[in-house]
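Quick note on labels: first sequence line is chain A, next is B, and so on, each numbered from 1. Just so it is clear, the structure is predicted and the values come from calculations on it, not from any experiment.
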Protein chains: 4
Amino acid sequence: MSQLDSPSAPTQRNNSKQAQKARETRQRILQAAVQVFSEEGFAGARIDRISRAANSNDRMIYYYFGNKEQLFIAVLESVYQGFLDAEQQLQLNLDDPWQALEQIITFTFDYYLEHREFVAILGDENLHQAKHSRQSEHIQQISSGIQSQLARVVAAGQQQGLLRADIDISMLYLTISSLTYFYCSNQYTLSVFMNQDLNSDSFRQQWRANAIEVVRDTVKA
Amino acid sequence: MSQLDSPSAPTQRNNSKQAQKARETRQRILQAAVQVFSEEGFAGARIDRISRAANSNDRMIYYYFGNKEQLFIAVLESVYQGFLDAEQQLQLNLDDPWQALEQIITFTFDYYLEHREFVAILGDENLHQAKHSRQSEHIQQISSGIQSQLARVVAAGQQQGLLRADIDISMLYLTISSLTYFYCSNQYTLSVFMNQDLNSDSFRQQWRANAIEVVRDTVKA
Amino acid sequence: MSQLDSPSAPTQRNNSKQAQKARETRQRILQAAVQVFSEEGFAGARIDRISRAANSNDRMIYYYFGNKEQLFIAVLESVYQGFLDAEQQLQLNLDDPWQALEQIITFTFDYYLEHREFVAILGDENLHQAKHSRQSEHIQQISSGIQSQLARVVAAGQQQGLLRADIDISMLYLTISSLTYFYCSNQYTLSVFMNQDLNSDSFRQQWRANAIEVVRDTVKA
Amino acid sequence: MSQLDSPSAPTQRNNSKQAQKARETRQRILQAAVQVFSEEGFAGARIDRISRAANSNDRMIYYYFGNKEQLFIAVLESVYQGFLDAEQQLQLNLDDPWQALEQIITFTFDYYLEHREFVAILGDENLHQAKHSRQSEHIQQISSGIQSQLARVVAAGQQQGLLRADIDISMLYLTISSLTYFYCSNQYTLSVFMNQDLNSDSFRQQWRANAIEVVRDTVKA
DNA sequence: AATGAATGAGGTTTCATTCAT
DNA sequence: TATGAATGAAACCTCATTCAT
């Protein structure tokens with residue numbers, strides 16, 4: 001799906017068995033890196049833990065990615081792209097704007113829930129003020145497709161007289177993101193401050209419903 | 001204000017000049033640690049950067065806090081407590097529930113904006129699944145006072161017939177927290193995904209107004 | 001008993017209550033030091049473990065003994081002197097040379113058994129080629145009284161025609177010391193090489209009897 | 001000779017030039033460690049002194065041995081094995097039991113004299129109650145071969161009517177070990193207590209003769 | 001393409017010791 | 001006399017990285 005086949009040094013476009021194995025090794029390292037960086041953050045992650053998790057060795061990381069920082073950037077590119085790819089899969093039913101809106105919220109929420117590594121890596125990246133994202137040309141050109149999908153849904157809803165006329169797409173996008181992301185990213189400390197297990201099925205269901213409701217309340221005509 | 005005078009080994013409650021200086025040293029270290037941990041995270045923070053920032057030396061950190069992990073726990077206790085203390089300062093006008101609600105949202109938003117270190121440290125703590133919070137007895141007993149304040153405001157609003165009858169306080173608390181926290185915590189990567197500078201005054205004002213509006217829409221009768 | 005009231009800096013010869021307390025503190029530190037040095041050796045012993053074991057604080061060690069090395073020397077003097085004092089308590093029955101000889105062997109063996117700290121500290125001192133002993137004037141003048149007691153016993157035994165005429169006292173002293181000391185000092189590694197628990201009551205009894213027998217065999221006329 | 005080619009993580013059984021160099025590096029570190037640990041004990045030995053003595057660097061010690069403790073265990077295994085290997089070289093002349101017995105005593109005595117590092121390391125190990133030996137599976141299975149050699153000599157001597165019938169091999173082994181080891185291990189403090197230089201050639205000769213004589217006296221028929 | 005060996009900088013922590021009341 | 005505060009050197013160990021097949 002992804003167009004991100006990495007411009008890193010090696011990995012010729014030849015299709016010999018050897019080249020195939022090389023691509024697999026690179027991929028194993030990348031996936032291991034996603035895992036480990038998401039568990040430990042950039043500073044806490046250890047090269048050798050990654051290489052072991054990839055069933056490879058330290059040296060190969062340098063061979064394929066140059067150094068730890070560039071590996072992290074590759075990880076960022078990979079998880080960002082994963083999100084964008086998923087977005088594009090989303091098939092909205094514009095005939096029913098209410099349902100389409102719910103689809104977007106649900107998709108977002110579920111994606112965060114199922115991709116903790118994405119949430120964790122975003123968190124680390126924000127801690128460092130996106131310093132790694134800024135180093136990737138590829139990432140500079142990224143932009144979420146959801147805003148435009150949202151715009152289409154809103155337009156359809158407005159046309160049908162269901163939604164308010166003065167909806168700001170950016171605000172709506174941020175509202176949805178806030179309501180879905182925060183629950184995932186801050187579960188652990190929220191449990192401290194709220195004295196409640198946010199991770200139970202029932203609580204999650206309740207929160208999902210609430211998020212949808214809140215968004216509805218704020219866009220309805 | 002704070003009840004957290006941290007019972008770490010040294011520093012008795014005696015009031016000699018020496019003891020006073022000691023308390024100051026400990027405090028300088030703690031503040032430097034808040035700063036550095038919030039900039040670099042637990043793993044990325046360096047003991048010697050903290051001690052230099054505190055105008056002290058590495059050894060004193062171990063003298064007062066035992067080790068890096070316990071220092072981080074002390075930092076957590078300190079920033080958590082700082083938040084709770086601020087909460088308690090909040091004087092709500094229950095006669096005007098709309099205004100009180102806005103006060104709560106504004107307070108929360110501003111606190112996060114002005115205490116980036118709190119947001120950053122919460123982020124790191126969530127990355128590690130609150131493993132440090134779980135080590136502090138003190139933190140185990142913490143719980144935000146805002147929920148109960150919120151409950152009172154809602155009750156008042158309901159009595160005056162201004163607010164819906166079926167408001168769930170937990171949901172409302174989470175809604176407000178989401179809308180205020182996420183903007184602060186994820187500014188940097190949001191800029192990537194939204195292609196927009198979230199940090200401008202005008203955007204911030206706009207977002208603040210939106211957050212208030214969203215909450216209003218969802219609680220009004 | 002001991003004449004070793006230490007020439008270390010403080011500890012005036014005044015008899016006020018304060019001076020008494022001071023002497024006690026010093027003594028507590030010394031005893032704690034004997035304990036800790038014997039468990040960990042000079043290099044492995046920690047000043048603060050000693051001061052805590054003495055219910056005192058690091059600073060007092062420097063106050064009373066100057067530094068770690070001088071404390072160790074004081075410890076050496078103390079345990080050496082303890083051994084010499086015990087020797088002098090030994091009342092031999094010269095009328096029965098066989099019994100006297102057994103007394104000496106038994107005393108030596110039992111002393112080592114009951115004073116592991118003496119054995120351990122001697123071991124550490126030998127590791128360092130007695131470098132600390134050589135720093136103590138007092139120790140330079142020490143010399144075991146047992147050799148002369150042994151000489152008297154041997155003379156008596158020879159006069160009664162019980163013992164060989166050509167006994168070398170130094171050799172006999174070394175023989176006895178070897179047979180009694182080695183068992184105590186090397187118990188742990190011997191268990192490795194002999195595949196046997198040397199520490200059982202029965203084994204110890206057997207070895208004690210053997211040692212006596214070996215000595216008898218080598219001195220009898 | 002040795003069976004102890006130590007299976008520590010790296011250094012596969014490949015025979016490339018590189019692997020050969022690696023084995024040499026590991027060996028250099030091990031030998032340096034024997035030296036330094038025997039001079040300073042476990043606690044007193046410094047990693048960087050070992051690495052410098054090995055013409056290597058600290059990092060390699062961790063690469064090959066994991067940590068200081070495991071290095072010490074490797075040292076223990078090495079010196080224990082060295083002793084066992086030497087034992088096995090011993091060719092006894094069972095036709096002449098007296099001579100064979102003297103051979104054993106002489107071998108033991110000379111081994112200790114010429115392998116001070118063995119004596120020193122045993123001493124340190126006993127100080128810590130063989131805590132490192134207990135961590136080595138290999139060492140757990142060790143057992144000196146001398147006892148069985150001794151048993152054969154004694155049997156031969158008894159058959160020829162030269163030796164007592166009721167000799168306990170364990171006791172005899174311990175007797176010989178005591179008489180030979182103690183002189184080596186305690187030379188320095190003995191000089192203090194005996195006021196005599198035990199290290200002179202003449203004294204050593206005298207003591208060697210005495211040890212042989214003592215053993216003879218105690219086994220002869 | 002892959003990997004074992006090597007390295008140096010730097011990280012956390014410990015230690016003996018001194019300062020200042 | 002006693003003790004809490006402070007310190008710098010150095011200890012063990014880890015880390016990212018490069019070298020050499």
Sugar-phosphate atoms are those with a prime plus P, OP1 and OP2; base atoms are the rest. Using that split, label each nucleotide of nucleotides 15-21 of chain F B, S or - for protein heavy atoms under 4.0 Å, 5' to 3'.
BSBBBB-
Spacing between [X] atom [atom1] and [N] atom [atom2], to the nearest angstrom:
| X | N | atom1 | atom2 | answer |
| --- | --- | --- | --- | --- |
| B/Gln70 | E/dT12 | CD | P | 15 Å |
| B/Leu71 | E/dG11 | CG | P | 16 Å |
| B/Ile61 | F/dA5 | CD1 | P | 16 Å |
| B/Arg23 | F/dA6 | CZ | P | 12 Å |
| C/Phe72 | E/dA16 | CZ | C1' | 16 Å |
| D/Asn55 | E/dA6 | CG | P | 12 Å |
| D/Ile50 | F/dC12 | CD1 | P | 8 Å |
| C/Gln20 | F/dT1 | CD | P | 13 Å |

Once side-chain contact (heavy atoms from CB on, under 4.5 Å) is applied, do any residues pair with A/Gln129, and if so which ones, sequence neighbours excluded?
A/Arg134, B/Tyr188
Mind checking what makes side-chain contact (heavy atoms from CB on, under 4.5 Å) contact with B/Ala120, not counting sequence neighbours?
A/Leu127, B/Ser38
Has [X] got a side-chain N or O lying under 4.0 Å from the OP1 or OP2 atom of [N]?
| X | N | answer |
| --- | --- | --- |
| A/Tyr64 | E/dA2 | yes |
| B/Ser56 | F/dA6 | no |
| B/Asn57 | F/dT7 | yes |
| B/Thr25 | F/dA5 | no |

For B/Glu24, the side-chain hydrogen bond (donor to acceptor under 3.5 Å, both in side chains) test, sequence neighbours excluded, returns B/Gln20
With sequence neighbours left out, what residues match A/Ser136 under side-chain hydrogen bond (donor to acceptor under 3.5 Å, both in side chains)?
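Only A/Glu77 meet the side-chain hydrogen bond (donor to acceptor under 3.5 Å, both in side chains) criterion with A/Ser136.
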Where DNA chain E forms stems, i.e. three or more consecutive Watson-Crick or G-U pairs with both distances under 3.5 Å
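DNA chain E stems, ordered by first number: E:2-21 with F:2-21.
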Mind jotting down which residue pairs meet the salt bridge (charged side-chain N to carboxylate O under 4.0 Å, His left out) criterion with at least one end in residues 57-74 of chain A? Sequence neighbours excluded, please.
A/Glu69-A/Lys131
Any pair counted as salt bridge (charged side-chain N to carboxylate O under 4.0 Å, His left out), so long as it reaches residues 27-42 of chain B, sequence neighbours left out
B/Glu39-B/Arg49, B/Glu40-B/Arg49
Mind checking whether D/Phe37 and D/Phe72 have parallel, tilted or perpendicular rings, split at 30° and 60°?
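Perpendicular: the ring planes of D/Phe37 and D/Phe72 meet at over 60°.
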Minimum heavy-atom separation for C/Ala32 and C/Ile50, please, with both atom names.
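Nearest heavy atoms, C/Ala32 then C/Ile50: CB-O, 3.5 Å.
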Which residues pass the ring pair (Phe, Tyr, Trp, His ring centres under 6.0 Å) test with B/Tyr80, not counting sequence neighbours?
A/Phe193
